[in-house]
Amino acid sequence: MRPYILSSNVQGDMVKAVIELKEAFTAGGFQLLGEYSPDADRHVIVVTNDYLRRLAAEEASALFSVPQRISITRFEGRLQIAYTNPDYQKYAFRIKGDLEPVRVQLKNILGEQETFGSSRGLTAAILSGYRYSYGMEQFDDFLYLCRFGSQSRALKVIEEGLRSGRGGVNVVFRTEIPGSAVSLFGVALKEGAGSDQAVIDAVDIQPLKHTPRFPYTLVVRKGEIFALHPRFALPLDFPDLERTGRYSFTGLIKVLGAIEESLHSLLSDR
């Protein structure tokens, strides 16, 4: 399995493509959560639906699959339209429930040319216990940013941080999980050595771009605020990373540390 699915790679107008995609998803049973542009040649649309929210209410592992990401990337005169692969997420996030209905919905709206993001792909067994290297974080080794005495206090602090743009962190979306004390925030990192642009420059070098990996998801649950650990999430999104070299995990180390710092900074003035 590979992390992304290519819908199309053709010439076209980016603004028109974004408008048409949003209309198609609204008509196709999804709700638009948010959108943003990591750079001038990339745009990400984030959607969800009631099925994904219900699954997350039943199974905490599914929280990170609630936001499904669709990207439009302008590269060498063409527009790449791509989206996150629910099959890949099911095993990487250890989801017991069925994501096939989501994949079918996405395919009906967008089509599917090929999966991409890894030359050989990863098996279900590897994904279920994925870590980039021995001793590194797995799926449930979350990056805990803060713990508060109540959900309301946690939400107040994160909302204040996002309004002020602390750490160069900007909100892209917020959504709630029905029947549970859980809120999800999608955030863009716009400044510093851990910015979205820094990630793009460090490792997104292949012809088919990994734009659907943005934005980051923060979970606020029972007063705790946490995210997938960057040392798990980035290699998962770029599974062919070499150990050393210019475009490698070694070259990404400073970026990973800076991402942690930016996310912690979001909550630092509390």
Side-chain angles (χ1 to χ4, degrees), residues 1-5 38 60-65 67 69 71 82 84-96 99 114-146 167 169 186-189 192-219 224-266:
M1 282 173 278
R2 297 175 175 85
Y4 311 108
I5 299 172
S61 295
L63 285 169
F64 292 99
S65 284
R69 300 159 171 86
S71 68
T84 42
N85 184 351
D87 290 346
Y88 194 83
Q89 293 178 342
K90 174 179 171 63
Y91 293 101
F93 301 156
R94 305 175 187 173
I95 298 170
K96 295 178 182 178
L99 286 181
E114 61 178 296
T115 59
F116 71 96
S118 175
S119 59
R120 292 185 295 177
L122 283 70
T123 66
I126 290 175
L127 278 172
S128 295
Y130 182 81
R131 57 163 51 119
Y132 180 71
S133 183
Y134 179 77
M136 289 183 57
E137 288 78 6
Q138 294 183 296
F139 164 68
D140 53 1
D141 295 317
F142 300 127
L143 175 65
Y144 283 95
L145 300 173
C146 214
V169 182
V187 299
L189 275 58
S195 68
D196 298 342
Q197 187 64 58
V199 172
I200 291 167
D201 294 342
V203 290
D204 200 2
I205 60 169
Q206 297 301 322
L208 291 179
K209 302 304 179 184
H210 294 220
T211 310
R213 76 162 311 273
F214 301 108
Y216 295 90
T217 299
L218 303 184
V219 178
E224 293 185 325
I225 302 174
F226 61 93
L228 293 175
H229 203 289
R231 288 194 296 269
F232 166 80
L234 263 78
L236 181 71
D237 293 338
F238 295 91
D240 288 353
L241 276 176
E242 299 289 343
R243 298 293 179 89
T244 60
R246 182 179 178 188
Y247 299 106
S248 67
F249 184 80
T250 301
L252 197 60
I253 289 174
K254 290 183 179 179
V255 176
L256 293 169
I259 291 170
E260 290 189 51
E261 290 177 9
S262 292
L263 294 177
H264 278 292
S265 296
L266 173 65

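Only this structure's heavy atoms are used, side chains among them; waters, hydrogens and symmetry mates stay out.
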Side chains of V187 and L263 in contact at under 4.5 Å (non-hydrogen atoms): yes
Inter-residue atom distance I225.CD1 - H264.NE2, 0.5 Å rounding: 11.0 Å
Separation of L256 CG from L143 CG (nearest 0.5 Å): 11.0 Å
Within 6.0 Å of CD in E114, more than 12 heavy atoms from elsewhere: yes
Working for side chain to side chain contact (heavy atoms under 4.5 Å, CB included), residues L234 and I259: CA-CA 11 Å; L234 263 78; I259 291 170; 4.1 Å; yes
Shortest non-hydrogen contact between T217 and P67, atoms and distance: OG1-CG, 3.6 Å
Test item: R94 side-chain N/O and S128 main-chain N/O as donor-acceptor pair under 3.5 Å: yes
Any donor-acceptor N/O pair, Y88 side chain to D237 backbone, under 3.5 Å: no
From CD (E137) to CG (L228), nearest 0.5 Å: 11.0 Å
Side-chain touch L122/Y91, heavy atoms, less than 4.5 angstrom: no
Plane angle bin for Y144 and F226 - parallel if under 30°, tilted between 30 and 60°, otherwise perpendicular: tilted
Sidechain-backbone polar pair: R243 side chain, T250 backbone, donor-acceptor under 3.5 Å: no
Geometric class of the F64/F139 ring pair [parallel <30°, tilted 30-60°, perpendicular >60°]: perpendicular
Main-chain N/O of M136 paired with R131 side-chain donor or acceptor, under 3.5 Å: yes
Donor-acceptor under 3.5 Å (Y130 side chain, P235 main chain): yes
Rounded distance [0.5 Å steps], CZ in F116 versus CD1 in I5: 9.5 Å
Heavy-atom pair with the smallest gap, counting every atom of P3 and P239: CG-CD, 4.3 Å
Side chain to side chain, E260 and P230, heavy atoms closer than 4.5 Å: yes
Side chain to side chain contact (heavy atoms under 4.5 Å, CB included) assessment of L189 paired with Y216: CA-CA 8 Å; L189 275 58; Y216 295 90; 3.7 Å; yes
Closest contact, heavy atoms only, S61 versus F93: CB-O, 3.2 Å
Derivation and outcome, side chain to side chain contact (heavy atoms under 4.5 Å, CB included), residues L266 and L218: CA-CA 11 Å; L266 173 65; L218 303 184; 3.8 Å; yes
Closest approach of D204 to T211 (non-hydrogen atoms, all atoms of both residues): OD2-N, 4.2 Å
Gap separating the CZ atom of R213 from the CD1 atom of I200, nearest 0.5 angstrom: 9.0 Å
Main-chain N/O of A188 paired to D196 side chain as donor or acceptor, under 3.5 Å: no
Minimal non-hydrogen separation, Q138 against G129, with atom names: NE2-O, 2.9 Å
Side chain R69, main chain T84, donor-acceptor under 3.5 Å: no
Atom pair CZ/OH of R231 and Y132 - distance to nearest 0.5 Å: 13.5 Å
Over all atoms of both residues, closest heavy-atom pair of S119 and D240: N-OD2, 2.6 Å
